[in-house]
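All remarks here apply to the structure that follows.
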Amino acid sequence: MKAASATNKVVLYWHRTDLRLHDSPALHAALALNPSVFIPVWTWDPHYVYRSRVGPNRWRFLLECQSDLSKAYTKLNAKQRLWVVREAPQTVLPKLWKRWGVTHLVFEKDTDAYARARDEAVVQLAEEAGVEVIVKMGRTLFDPDALVSKNGGKPTMSMSQVEKAAGKIDRGFPQKPVETPGSIPDPWDEKRMDLAGAEHEGPEAEPDLNAVHRTAADQQYTQIMGPKDDFGVPTLDEIGIEASKATSPHRGGETEALKLLDGHIKNEEYIGRFEKPNTSPAAFEPQSTTLLSPHLHFGSLSVRKFWWDVQDVMNKRKKENKPNALIPTNLPGQLLFRDMYFAAQAAVGEPFSRTYGNHVVRFIDWHLQSKPPSTDAEDAENEKPYEVDSPEAEEWFIRWREGRTGFPWIDALMRQLKQEGWIHHLGRHSVACFLTRGGCYVSWERGAEVFEELLIDHEPACNVGNWMWLSCTAFFAQFYRCYSPVAFGKKWDPQGELIRRYCPELAQFDKKYIYEPWKAPIADQKKWGCRVTGDGKPSSSDDGPTYPKPMFDFDERRQVCLDGMKNAYDVGLHGNDPQVLDGSWKSLFEGEEENPKKRQKTEKI
DNA sequence: CCCTGTGTTGGAATC
DNA sequence: CGATTCCAACACAGG
């Protein structure tokens with residue numbers, strides 16, 4: 001169209017972790033090339049579709065981000081949209097740059113283990129095809145690889161290390177946001193954009209980790225440009241998921257993200273006083289934190305814009321605040337925390353997401369341990385990926401996952417997680433501690449998988465990092481600090497409002513019993529319309545609503561877990577020790593009575 | 001070597 | 001009520 005600005009550059013912009021137009025260094029660099037043809041694409045990657053655990057709420061959030069971005073493009077240029085192609089990037093991108101005469105490929109850097117392998121493959125293919133590649137960082141405050149290198153090449157395992165490393169990069173200040181584009185060049189004309197007749201490689205759909213969510217035919221990959229041949233953003237229908245299954249009130253998209261951020265920034269008291277440990281995990285209308293984490297995950301909000309907008313408010317208020325002192329619990333500190341997990345993951349690579357082969361994680365003799373990673377796809381499909389060493393522990397795990405442990409604080413949070421795809425950070429602490437070192441003694445990897453499926457803000461590095469933290473296997477070690485499923489909730493929510501909301505069968509219980517309904521006299525249980533009995537499985541009996549009895553005596557379990565942790569710390573294995581890799585660790589945990597420290601402990605009791 | 005202080009966010013008892 | 005202390009005791013950095 002604008003012949004005057006023509007440079008004969010055909011730029012393919014590959015959206016992945018950056019579903020936004022504002023403050024995108026990669027997009028900024030792409031447009032700075034002054035392209036005569038500009039094509040923003042999303043490749044519908046089977047790896048995310050079938051090999052990552054994604055529940056209905058996160059699917060919808062992603063689709064909303066894509067739709068919103070597509071509309072934003074169209075608003076700037078009626079010929080533009082987000083061009084969604086239904087094929088793996090490794091196979092489809094070479095077709096696209098051949099077909100569209102692409103001269104430049106531009107994308108945002110991603111240090112996730114799978115993303116690195118994928119991007120390396122794509123970059124190599126691009127180089128072979130003579131396509132110039134430009135990669136820009138923009139997903140975190142600092143480049144994770146730079147943080148690692150300033151940390152002596154080692155994974156960042158504490159905030160002081162991150163602070164020190166960040167101090168060596170731009171004196172600890174993230175880069176300022178770049179401007180939002182005011183115009184977008186044209187794509188090719190309709191005829192040249194059309195991929196009709198292009199060879200289309202269907203994906204390897206098995207194993208499908210998300211099969212459990214699909215109730216209709218999976219039509220994601222029927223045609224390269226989508227079922228309507230229009231490069232459209234997929235619908236939940238096409239994924240095979242009923243729209244009614246996405247029940248979260250939290251919605252995706254850059255428009256929504258900027259609106260949310262703006263609302264918070266206007267509340268200068270809130271921004272200035274924010275201290276994570278002082279925000280209530282029980283608040284639900286409205287929540288006590290910003291709800292911006294899912295937007296950071298999908299890149300519908302720039303973390304640097306978030307950081308600087310907050311910083312501006314704090315600078316304005318700065319009176320007694322010491323300048324530039326890191327406070328891990330305030331909002332900038334929270335955002336830097338995210339960088340710590342990204343950098344730790346960037347240094348460790350693939351094993352960071354599990355115990356096996358991961359040198360930073362402590363080995364504990366958990367129940368339901370992961371089996372060693374299998375390369376045989378059929379194996380993974382037919383068997384559980386973990387050892388069922390204790391049917392009782394598996395029952396506890398299932399009851400935890402389904403929100404029927406009999407501890408209302410835990411069950412309310414787990415049900416909120418399933419319905420809304422989000423719970424407060426301290427709620428996550430509470431349920432994670434309960435599943436691992438503070439109750440069930442089940443492997444943190446089981447819990448991380450459930451969070452991966454259900455959280456709309458699931459970020460691989462942050463999720464496993466936090467699970468290691470809470471299970472006292474990395475980052476944190478004070479395992480005698482244990483969350484009580486009764487006392488912790490009560491401290492924040494003495495009336496039990498969160499429980500009444502998410503476990504409505506208990507709504508009428510007096511606050512005296514709301515956290516421990518099993519202690520309520522039978523007469524009161526009848527009066528309040530809910531009997532405390534059974535295991536919470538849906539029953540066919542017609543005796544009215546019930547709530548399960550607690551699945552174990554918490555104080556008793558807490559002591560068992562403490563003893564177990566103490567013993568496992570004494571044994572002192574890590575995820576990459578030979579005994580862990582070859583399975584011989586079991587012998588080190590046998591005959592625990594012979595461990596002198598352990599014997600002393602049990603004799604005391 | 002020891003000792004001390006710190007580490008994003010525990011609980012219960014006490015003042 | 002909010003703040004302080006103890007509980008029993010981890011890892012790590014720094015003097």
Side-chain angles (χ1 to χ4, degrees), chain A residues 141 151-152 154-167 273-283 287-290 293 310 325-344 359-364 407 409-410 413 423-434 436-439 462 465-494 515-516 554-555 557-559 561-574 597-598 600-605:
Chain A
L141 295 174
N151 192 45
K154 290 191 173 132
T156 45
M157 300 306 290
S158 72
M159 276 303 277
S160 46
Q161 287 174 4
V162 176
E163 190 185 7
K164 235 182 255 175
R273 291 183 184 282
F274 188 98
E275 289 266 348
K276 185 63 125 326
N278 296 337
T279 60
S280 170
Q287 284 87 355
S288 59
T289 51
T290 66
S293 51
V310 165
L326 176 78
I327 303 168
T329 48
N330 68 11
L331 278 169
Q334 295 288 297
L335 295 177
L336 191 62
F337 229 94
R338 182 171 167 271
D339 271 40
M340 176 180 77
Y341 288 130
F342 271 88
H359 76 277
V360 301
V361 75
R362 221 170 242 291
F363 182 85
I364 310 286
F407 294 93
W409 171 249
I410 301 295
L413 287 165
I423 52 178
H424 186 277
H425 189 70
L426 294 181
R428 301 181 197 194
H429 277 210
S430 221
V431 299
C433 181
F434 184 86
T436 58
R437 66 182 169 86
C462 298
N466 277 320
W467 274 95
M468 287 186 259
W469 184 297
L470 262 298
S471 61
C472 288
T473 51
F475 300 100
F476 183 73
Q478 286 160 268
F479 52 74
Y480 46 90
R481 291 197 175 171
C482 181
Y483 288 84
S484 151
V486 173
F488 186 72
K490 234 182 220 176
K491 187 170 80 183
W492 290 102
D493 180 13
Y515 283 88
E516 301 167 285
F554 175 73
D555 290 332
R557 286 300 306 170
R558 182 177 185 271
Q559 196 55 55
C561 288
L562 264 172
D563 292 346
M565 292 299 288
K566 180 95 186 71
N567 184 57
Y569 265 61
D570 286 344
V571 172
L573 290 176
H574 286 78
K597 287 191 183 175
K598 169 84 183 177
Q600 211 178 16
K601 186 103 195 172
T602 36
E603 272 169 7
K604 261 192 223 168
I605 295 159

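Predicted model only: the values in this text are computed from it and were never measured. The chains referred to below are lettered A, B, ... by the order of the sequence lines, with proteins before strands, and numbering in each begins at 1. For the numbers below, each heavy atom of this structure counts, side chains included, while hydrogens, waters and symmetry mates do not.
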Tell me: [atom1] of [X] to [atom2] of [N], nearest whole Å?
| X | N | atom1 | atom2 | answer |
| --- | --- | --- | --- | --- |
| A/His429 | B/dT9 | NE2 | C1' | 7 Å |
| A/Met157 | B/dG7 | CE | P | 17 Å |
| A/Asn278 | C/dG2 | CG | P | 11 Å |
| A/Met468 | C/dA11 | CE | P | 17 Å |
| A/Tyr480 | B/dT9 | OH | P | 11 Å |
| A/Lys490 | C/dC1 | NZ | C1' | 18 Å |
| A/Gln559 | B/dG10 | CD | C1' | 15 Å |
| A/His425 | B/dT8 | NE2 | C1' | 8 Å |

(request) Ignoring backbone atoms, test whether A/Lys491 places a side-chain nitrogen or oxygen under 4.0 Å from the OP1 or OP2 oxygen of B/dG11. (result)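 Yes, because at least one side-chain N or O of A/Lys491 sits under 4.0 Å from OP1 or OP2 of B/dG11.
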
(message) Please determine whether a side-chain nitrogen or oxygen atom of A/Arg428 lies at a distance below 4.0 Å from atom OP1 or OP2 of B/dT9.
(response)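 For B/dT9, OP1/OP2 do not have a side-chain N/O of A/Arg428 under 4.0 Å.
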
(request) Would you sketch DNA chain C in dot-bracket for me? Only Watson-Crick or G-U wobble pairs with both distances under 3.5 Å count, crossing pairs as [ ], other-strand pairs as |, the rest as dots. (result) .||||||..||||||

Checking all strands, does [X] fall into the base, sugar-phosphate, or nothing category for heavy-atom contacts under 4.0 angstrom?
| X | result |
| --- | --- |
| A/Arg558 | nothing |
| A/Gln334 | base |
| A/Trp469 | base |

(request) Please state the P separation for the pair C/dA9 and B/dC1 - nearest whole angstrom. (result)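 The same atom, P, in both gives a distance of 23 Å.
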
(message) With rounding to the closest Å, how many angstrom separate the P atoms on B/dT8 and C/dC6?
(response)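 My reading of the P atoms in B/dT8 and C/dC6 gives 24 Å.
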
(message) So, using side-chain contact (heavy atoms from CB on, under 4.5 Å) as the criterion, who are the partners of A/His425 when residues are at least two apart?
(response)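 So A/His425 forms a side-chain contact (heavy atoms from CB on, under 4.5 Å) with A/Lys276, A/His429, A/Asn466.
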
Among [options], which is the nearest nucleotide to the side chain of [X]?
| X | options | value |
| --- | --- | --- |
| A/Gln478 | B/dT9, C/dG14, C/dC10 | C/dC10 |
| A/Tyr569 | C/dA13, C/dC10, B/dT9 | C/dC10 |
| A/Tyr483 | B/dA12, B/dT9, B/dT8 | B/dT9 |
| A/Lys164 | B/dG11, C/dG14, B/dT9 | C/dG14 |
| A/Lys276 | B/dG10, B/dT8, C/dC10 | B/dT8 |
| A/Phe337 | B/dT8, B/dT9, C/dG14 | B/dT8 |
| A/Phe488 | C/dA11, B/dT9, B/dG10 | B/dG10 |

(message) Using ring centroids (six-membered ring only for Trp), state whether A/Trp469 and A/Phe337 fall under 6.0 Å.
(response)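 Ring centres of A/Trp469 and A/Phe337 closer than 6.0 Å.
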
(request) Determine, using ring centers only, whether A/Phe434 and A/Tyr483 are less than 6.0 Å apart. (result)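 So the answer is no for these two rings.
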
(message) Does either side chain, that of A/Gln559 or that of A/Asp563, offer a donor lying less than 3.5 Å from an acceptor on the other one?
(response)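 A pair is found: one side chain offers a donor N or O, the other an acceptor, under 3.5 Å apart.
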
(message) Could you check whether A/Gln161 and A/Thr156, counting side-chain N and O atoms only, form a donor-acceptor pair closer than 3.5 Å?
(response)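 Looking only at side-chain atoms, A/Gln161 and A/Thr156 do not form any donor-acceptor pair under 3.5 Å.
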
(request) Look at the aromatic rings of A/Phe475 and A/Tyr341 and report parallel, tilted or perpendicular, splitting at 30° and 60°. (result)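 Perpendicular: the ring planes of A/Phe475 and A/Tyr341 meet at over 60°.
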
(request) Side-chain contact test, heavy atoms from C-beta onward, threshold under 4.5 Å: evaluate it for A/Met159 versus A/Leu336 and give yes or no. (result)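 The answer is yes, as the side chains (C-beta and beyond) meet within the 4.5 Å cut-off.
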
(request) Indicate the atoms forming the closest heavy-atom contact of A/Met157 with A/Ala344, along with that distance. (result)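 Minimum heavy-atom separation between A/Met157 and A/Ala344: SD-CB, 4.4 Å.
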
